Amino acid sequence: MIRAEKLTKIYRTDEIETTALNRLDLSINDGEFTAIMGPSGCGKSTLLNIMGLLDSPTEGEFHFLDHETSGYSERQRAKLRMGNIGFIFQSFNLIDELTVFENVKLPLEYLGLKPREAKVKVEEALDRMGMMARKNHFPNQLSGGQQQRAAIARAVVTNPKLILADEPTGNLDSGHGEEVMTLLKSLNDQGTTIVMVTHSPVDAEYADRIIHLKDGMIAKGEPVYQV
């Protein structure tokens, strides 16, 4: 599903040049659950942005679903991203003025689904996340765990092939964090590919593979076997 070859990302200003990714090679197969770990500034977020087609590399190649995207325009990246990639963020990124139902419906509006079809899909996603009873609530009426479940429902409502999760339990207590990780593992068991950036060794143990980044390069990668 994902293949990076000599992936390089350099940020330049008038005074300084920073290499966030340094000729990184990486492959992630369909159906994998991969955790990416490493210290702050090692390139984790930059890699996730390129995987999510939110940014382009400075050099090298990035392949997603057999498309080599390094030369794609922003519009081309957005078209490929739509319906294929779902995002889960540490800060939830729900829109305060919209209900849970309306937040989850947003990706379907971008896809142009008819209201009746969108309603069915939203309700299915909310039901999977145990959030139907909260569908008419606003984000500020929810606990942190409930907000993240709503955000996961929004990420999965289009049945994406890939979910990218950036510190998905970072703003949650341990109980709600475990709940969210169990949901992600369940989605992976149903066939969704998941790539998760995390600082948490506990969360990383839910993955099939852990990739450690250091100075924009892969330090080591090892499989994680569940007992």
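Everything numeric in this text was worked out from a predicted model, so none of it was measured.
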Donor-acceptor contact below 3.5 Å, side chain Q90 vs main chain F92: no
Shared hydrophobic cluster for F101 and M132 (ILVMFWY, side-chain gaps under 4.5 Å): yes
L26: side chain to side chain contact (heavy atoms under 4.5 Å, CB included) partners, not counting sequence neighbours: A4, L24, I28, L47, M51, R209, I211, I218
Hydrophobic cluster identity match, M217 and I50, side-chain contacts under 4.5 Å: no
Name of the residue among L48, I36, D203 meeting side chain to side chain contact (heavy atoms under 4.5 Å, CB included) with M196: D203
Expected output: side-chain K9 to main-chain S56 donor-acceptor under 3.5 Å: yes
Charged N-O contact under 4.0 Å between R149 and E179: yes
Under 3.5 Å donor-acceptor pairs involving side-chain atoms of residues 158-168, not counting sequence neighbours:
unit_1 : atom_1 : unit_2 : atom_2 : d
K161   : NZ     : N84    : OD1    : 3.3
E167   : OE1    : H199   : N      : 3.3
E167   : OE2    : H199   : N      : 3.1
E167   : OE2    : H199   : ND1    : 2.5

Value rounded to 0.5 Å, distance of CG in N103 from CD in E97: 9.5 Å
Between OG1 on residue T46 and CG on residue D55, distance to nearest 0.5 Å: 7.5 Å
E124: partners by side chain to side chain contact (heavy atoms under 4.5 Å, CB included), with sequence neighbours left out: V120
Q148 CD to R154 CZ distance, which is reported to the nearest 0.5 Å: 9.0 Å
E178 atom CD: more than 12 heavy-atom contacts under 6.0 Å: no
Check: E117 side chain, K114 main-chain N or O, donor-acceptor pair, under 3.5 Å: no
For S143, side chain to side chain contact (heavy atoms under 4.5 Å, CB included) partners two or more places apart: Q146, H176
Greater than 12 external heavy atoms within 6.0 Å of Y11's OH: yes
Counterpart residues, salt bridge (Lys or Arg N to Asp or Glu O under 4.0 Å), relative to E17 (two or more places apart): R12
Exam field: side chain Q141 to backbone F138, donor-acceptor pair closer than 3.5 Å: yes
Check: T69 side chain, F62 main-chain N or O, donor-acceptor pair, under 3.5 Å: yes
Check ion pair K135-E123 (N to O, under 4.0 angstrom): yes
Any donor-acceptor N/O pair, K44 side chain to P39 backbone, under 3.5 Å: yes
T99 and N136: side chain donor to acceptor below 3.5 Å: no
More than 12 heavy atoms of other groups within 6.0 Å of E74 CD: no
Listed partners of S186 passing side chain to side chain contact (heavy atoms under 4.5 Å, CB included), at least two apart: Q190
Stepwise side chain to side chain contact (heavy atoms under 4.5 Å, CB included) test for M37 and L213: CA-CA 6 Å; M37 303 188 74; L213 291 189; over 6 Å; no
4.5 Å side-chain heavy-atom contact, P57 and T8: no
Polar side-chain atom of T19 near backbone of N22 as donor-acceptor pair, under 3.5 Å: no
Separation between NZ of K185 and OG1 of T182, rounded to the nearest 0.5 Å: 10.5 Å
H63 NE2 to E61 CD distance, which is reported to the nearest 0.5 Å: 4.0 Å
Pairwise distance CG(D66) to CZ(F64) - rounded to 0.5 angstrom: 10.0 Å
